[in-house]
Number of protein chains: 2
Amino acid sequence: MTAKPRLKMADIARMAGVSTSTVSRALAGNTLIPQPLRERIVALALAEGYVVNQQARGLRLQRTQTINVVIPLGHDADQMISDPFFLEMVGRLADEITLRGYEVLLTKVLAPTQGWLDRIIQLNRSDGLLIIGQSNQHQALNAVADAYGPLVVWGGDLPDRRYCTVGVDNVAGARLAVEHLIGLGRRRIAFLGLPEAPEVGLRRQGYLGALEAGGIAVDPALTVPAHFSGEPELEGIQYLLSAGVSLDAVFAASDVIALGAIRALAEAGLRVPEDVSVVGFDDVTVARYSWPPLTTIRQDLGRGAREMVNLLFARINGQATDSVFMAPELVVRQT
Amino acid sequence: MTAKPRLKMADIARMAGVSTSTVSRALAGNTLIPQPLRERIVALALAEGYVVNQQARGLRLQRTQTINVVIPLGHDADQMISDPFFLEMVGRLADEITLRGYEVLLTKVLAPTQGWLDRIIQLNRSDGLLIIGQSNQHQALNAVADAYGPLVVWGGDLPDRRYCTVGVDNVAGARLAVEHLIGLGRRRIAFLGLPEAPEVGLRRQGYLGALEAGGIAVDPALTVPAHFSGEPELEGIQYLLSAGVSLDAVFAASDVIALGAIRALAEAGLRVPEDVSVVGFDDVTVARYSWPPLTTIRQDLGRGAREMVNLLFARINGQATDSVFMAPELVVRQT
DNA sequence: TTGAAAGCGCTAACAC
DNA sequence: GTGTTAGCGCTTTCAA
């Protein structure tokens, strides 16, 4: 293995018998350089496998051609992003960013500490920030948004929000879900999810609103704080069942929680949807693959990612942008 | 929104009444600077929210403190990485890389063209490459590995492989799966997967080997090229069923394909596992959440990611490394 | 049309 | 101990 030294622009310049200025201009497609020479230099670079060093270029130009996708993990103690929703979002964002000729820097912030956002910005590693989920960092986001423009957040519409946000109308989505369950004749509807997470909190608001509108009294025993991912959501339902709480429906704050619940119900000998109806939230890919296929509230991830990236690039160009909250959609499948 | 100018080291130096050299040394924890002064400078930087500009630092130091996670998409026409296996791998790698104080640059290569790997290297955006999946780039990887050290690939053990690889013994895994099915008394075992993908090809080898060892004649009609992700895998099984091919078991090259198959079987009125047994490959998170829970071949993603990152850092430090192929494990659940 | 030279923000060899 | 200075690889102003 002979580590061959990397080429620099000066090498190409020497080979071509011109200065680095000329190479730089030629590679940038500058029409000051006559086309034949330009093409000769471009061909030479290609043949030698030379590409401009982005680190040096970035320092000079004061930009990085990179977007930082950040996942703050304030609630989730476990180190992993295991929720497929986050993972799919990362994939979609990466597609959109790549499409625009930018690179993706992926950052997970395990325990957001004072100044974490400032730090990321000062590091000068990206031209803009895409934050997936507000976690428990609503105030930190507000504080930074006043002084730093190129920032777009995926999340819910919280009061006093001053940062540009893309998301779904969580309250409306939850209402859709619970109204559907009520329409099915269900009355004992459990809510599974950690309400401290902003979006889950909004979904719980929608749940409570729909119950009230349906004339159903809220039973606090039917709310179980389930984690966003991992195994613990199994325990949520198991806890309810072992406590002897009767229920005929479950509204879960995420599809993963819903799938866990279905499994726990099945293990307890309850049939879905005959004995208990279940509705999830997200319409993650696996919701379609589970059996029975999961009824859920669809968030259009593809569109969400596109909106986020569009807004971010607008903001990078100094434009002001509004937030976008998309209408959620009930996808009735078989649970 | 007042875009406040970013601080540079010179600003901190002025505030502290010292030179930038001193600040640089202090921030680096250099003991040449007396501890009180060092602490004063560190405190000042913290108070001002100053962090060293990584772009400038990287140029000077000739390193980026960044690992490039690359996903070559040679087979899959669709732009998305939708297979949860890839997505989970990205998450795990990100965890391991972050743990070591490095950043993650995520790159998807949609249609790998001549010289794509050289280009990534010449871009100088990372200190090492982690390639997820060989796709159809075995030769390109071999070619580059001779001259570029810090490169580790997730994939199968192909002949003539010269690059450092981490993966699972795909042949053994497939054998495990098919032996299990044979042990269940199954004889008409279908194989679902695109054999052009290297790992799938190896899994098919194991499938054929196990059939032979079990004294079962191979029926070519039972091999259906199913895509790695997306909906098309549904069609695979549907095609078989509509063609009137009888089968009593399915070995799928991935869990996603297996889940699609289960759904197609259910829609055709066939019960899993009563009428048809199904075994997947990967043990992706959702394999546990599906109902019935999927029997599958487990690849230890956590360990795999750890091995890849460890090997990569060893190689960054100039060490030679061996490849690692882990023993797969049959996880018997209910299909 | 092309090249020389300055400078992006940082680190470290060298001088004091 | 601390500061001066050179230079990492590039782009672009300025001069020719």
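Protein chains get the first letters and strands the later ones, always in sequence-line order, with residue 1 at the start of each. Just so you know, these numbers use all the heavy atoms, side chains as well, and skip hydrogens, waters and symmetry mates.
Not counting sequence neighbours, A/Arg25 has no partner by the salt bridge (charged side-chain N to carboxylate O under 4.0 Å, His left out) test. In this structure B/Arg6 satisfies the salt bridge (charged side-chain N to carboxylate O under 4.0 Å, His left out) test with no other residue, sequence neighbours excluded. Judged as a side chain to side chain contact (heavy atoms under 4.5 Å, CB included), and not counting sequence neighbours, the contacts of B/Leu59 are A/Gln55, A/Ala56, A/Leu59. Residues satisfying the salt bridge (charged side-chain N to carboxylate O under 4.0 Å, His left out) criterion with B/Arg161, sequence neighbours excluded, are B/Asp157.
Sorted by first and then second residue, the ring-ring contact (aromatic ring centres under 6.0 Å, His included) pairs with a member in residues 109-130 of chain B form an empty list; sequence neighbours excluded. Residues in residues 33-54 of chain A take part in these side-chain hydrogen bond (donor to acceptor under 3.5 Å, both in side chains) pairs, two or more places apart or across chains: A/Gln35-A/Glu39.
Contact of the A/Leu44 side chain with the A/Ile12 side chain is registered, since non-hydrogen atoms from C-beta on lie closer than 4.5 Å.
Bending across the helix from C/dT1-D/dA16 to C/dC16-D/dG1, expressed as the angle between its end axes from five pairs apiece, amounts to 50° (10° rounding).
Counting only distance, with no hydrogens or angles, the side chain of B/Asp127 and the backbone of B/Thr64 share a donor-acceptor pair below 3.5 Å. A side-chain donor-acceptor contact under 3.5 Å links A/His138 to the backbone of A/Pro159. Side-chain atoms of B/Ser126 never come within 3.5 Å of backbone atoms of B/Asn124 as a donor-acceptor pair (strictly under, hydrogens ignored). Side chain of B/Thr98 to main chain of B/Ala94: a donor-acceptor pair is present (N/O by atom type, distance under 3.5 Å, no hydrogens or angles). Side chain of B/Asn317 to main chain of B/Gln319: no donor-acceptor pair is present (N/O by atom type, distance under 3.5 Å, no hydrogens or angles).
Contacts between chain A and DNA chain C, taken as any atom within less than 4.0 angstrom of a protein heavy atom, begin and end at C/dT1 to C/dG9. Mapping heavy-atom proximity under 4.0 Å, the span of DNA chain D touched by chain A runs 5' to 3' from D/dG9 to D/dT13.
No hydrogens or angles considered: a donor-acceptor pair under 3.5 Å links the side chains of B/Thr66 and A/Arg125.
Remark: nothing in residues 119-127 of chain A comes within less than 4.0 Å of DNA chain D through any heavy atom. Across residues 41-59 of chain A, A/Tyr50, A/Val52, A/Asn53, A/Ala56, A/Arg57 each have a non-hydrogen atom less than 4.0 Å from an atom of DNA chain D (numbered order). Contacts with DNA chain D (heavy atom under 4.0 Å) in residues 24-36 of chain A: A/Ser24, A/Arg25, listed by number.
Counting all heavy atoms, side chain and backbone alike, B/Pro112 lies closest to B/Pro72 at CG-CB, 4.5 Å.
A salt bridge does not link A/Asp11 with A/Lys8: none of the charged nitrogens is closer than 4.0 Å to a carboxylate oxygen. Taking the charged nitrogens against the carboxylate oxygens, B/Glu96 and B/Arg100 do have a contact shorter than 4.0 Å, which makes a salt bridge.
If you check every strand for non-hydrogen atoms under 4.0 Å, A/Ser21 touches a base.
Ring-plane geometry between B/Tyr102 and B/Phe313 is classed as perpendicular, the angle between the planes exceeding 60 degrees on a 0 to 90 degree scale with a lower cut at 30.
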